[in-house]
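The structure under discussion appears below in the form of structure tokens.
Counting convention: from 1, in listed order, for ligands and their atoms alike. What's counted below: heavy atoms across the whole structure, side chains too, no hydrogens, waters or symmetry copies.
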Amino acid sequence: MSKFKGKTAIISGGAEGIGLSIAKALGEQGMNIVLTDINQQNLENAAKELEESGVPVLTARLDVADEEQWKHIAEKASERFGKLHMVVNNAGVGGDSVSVENQEKKGWQWTLDVNLMGVVYGAKTIVPFIKSHDEGGWIVNVASMAGMGGFLHGGAYNATKAAVVALSESWYEELSSQNINVSVLCPAFVKTRIYDSERNRPEQYKSEISSPESNNSFLKKTKKMIENGIEVSIVGKRVVEALNNGEFYIFTHPGYRSEIQDRFKAIDEAFKDSEKSIALKEVPNQ
Ligand SMILES: NC(=O)c1ccc[n+]([C@@H]2O[C@H](COP(=O)([O-])OP(=O)(O)OC[C@H]3O[C@@H](n4cnc5c(N)ncnc54)[C@H](O)[C@@H]3O)[C@@H](O)[C@H]2O)c1
């Protein structure tokens, strides 16, 4: 029997894309799904699809950047399903893809609030519910290959995804001994609508000056890469497989291995340089 059967998962940004794919895959394992998203209409459509395949679903509109909303939904989820076992911190936005001098505060704030603080609030809210019983649980944070190494014009997106990888490593250290498994999903390109995150940007994060590079060729290139990405349905299945295996870093694009190795190699070389440093000669071995 699946170890997920009868347990409950809360998924953010679950109305479409990777979040919905994970919801479907966990639903197939017999989990109760608390499906949340900022987009109410898409949420209802997605919930209908899940319910039609026999998955018990509770839907709730949730802007992950609002900690109070998280608390409210956790209460509703526990009233409906009892114990909570898993949080999938998936909601994310692409942010602004601009050069250094065109970074804008509101765009940064939006990306930080959703991609980083959304993950913090999700874990902060749900972990006490997981700890309140003795069945253990899971935190699944959705980062990105962008969290493994910066890419051109990635800006706030890169920064938040690297932060989510670092946070996940820290939470893994903290929570493993308490029977809470932490994983971080790092996909490269997946066929979703992430390139059009602008549709989800609330009014308060819109700049007076619209991004001067909003239609640049870089964005067009990114859109094309995403459209040529892997099918989103694969990602949910891969997550279930990895959780069953107890994988911490969950990769979906093995072809990126050599790129990450190059980064590690460069870091290792930099350590070697520091060993030869004259400036550090007098410092005892640190
Ligand atoms: N698609 C890719 O190539 C790719 C690659 C690496 C990582 N990711 C990550 O996967 C996650 C899911 O993205 P996706 O590709 O499915 O994109 P998507 O745009 O298809 O889905 C994102 C979902 O999040 C919701 N959302 C946006 N802002 C929200 C908010 N403030 N609160 C709650 N929900 C909100 C949207 O309504 C949407 O349903 C993101 O964290 C993204 O960074 C995607």
Side-chain angles (χ1 to χ4, degrees), residues 10-25 34-47 49 59-70 73 87-95 97 109-122 125 140-149 151 154-165 167-168 184-205 221-236 238-239 249-253 256:
I10 300 193
I11 301 169
S12 70
E16 63 179 293
I18 291 174
L20 181 56
S21 170
I22 295 173
K24 286 178 181 170
V34 182
L35 199 68
T36 71
D37 202 282
I38 200 169
N39 185 314
Q40 183 77 42
Q41 186 57 55
N42 288 349
L43 191 57
E44 281 164 24
N45 296 340
E49 212 185 314
T59 58
R61 188 184 177 277
L62 166 68
D63 177 349
V64 289
D66 184 336
E67 190 177 4
E68 290 308 309
Q69 290 184 25
W70 269 107
I73 282 156
V87 58
V88 181
N89 286 311
N90 161 77
V93 294
S97 296
Q109 201 56 58
W110 175 46
T111 315
L112 287 170
D113 285 351
V114 178
N115 293 8
L116 179 55
M117 294 317 295
V119 173
V120 173
Y121 298 145
T125 309
V140 182
N141 294 329
V142 181
S144 168
M145 202 48 86
M148 291 276 146
F151 68 88
Y157 186 80
N158 275 344
T160 55
K161 294 303 181 179
V164 170
V165 172
L167 260 183
S168 306
V184 59
L185 174 65
C186 298
F189 297 105
V190 182
K191 233 181 263 183
T192 70
R193 291 206 294 155
I194 189 78
Y195 59 80
D196 181 26
S197 295
E198 212 44 45
R199 72 193 189 279
N200 295 308
R201 189 190 301 231
E203 207 51 48
Q204 77 263 30
Y205 296 112
K221 223 187 278 171
T222 308
K223 180 169 185 263
K224 210 166 183 187
M225 305 268 270
I226 289 167
E227 284 169 346
N228 289 327
I230 64 170
E231 291 298 329
V232 71
S233 58
I234 297 166
V235 180
R238 172 71 188 114
V239 168
Y249 301 106
I250 306 177
F251 292 113
T252 52
H253 292 69
Y256 279 73

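Residue contacts with ligand 1: S21 is excluded, as none of its non-hydrogen atoms falls under 4.0 Å. Under a 4.0 angstrom heavy-atom cut-off, S12 registers as lying outside contact with ligand 1. Using a non-hydrogen distance threshold of 4.0 Å, M225 does not register as a contact of ligand 1. The shortest separation from a heavy atom of A143 to ligand 1 is under 4.0 Å, placing the residue in contact. Contact annotation: R199 has at least one heavy atom less than 4.0 Å from an atom of ligand 1. Using a 4.0 Å heavy-atom cutoff, N42 is absent from the residues neighbouring ligand 1.
Residue I194 touches ligand 1 through backbone and side chain together, judged by heavy-atom distances below 4.0 Å. Only backbone heavy atoms of A188 (N, CA, C or O) come within less than 4.0 Å of ligand 1; its side chain stays farther off. The parts of V190 lying near ligand 1 are both backbone and side chain, judged by heavy-atom distances below 4.0 Å.
At the shortest separation from atom 39 (O) of ligand 1 among protein heavy atoms lies D37 OD2, 2.6 Å.
Of the listed residues (L185, N200, N89), the one carrying the non-hydrogen atom nearest atom 27 (C) of ligand 1 is N200.
Looking at ligand 1, you'll find an N or O of I18 within less than 3.5 Å of one of its N or O atoms.
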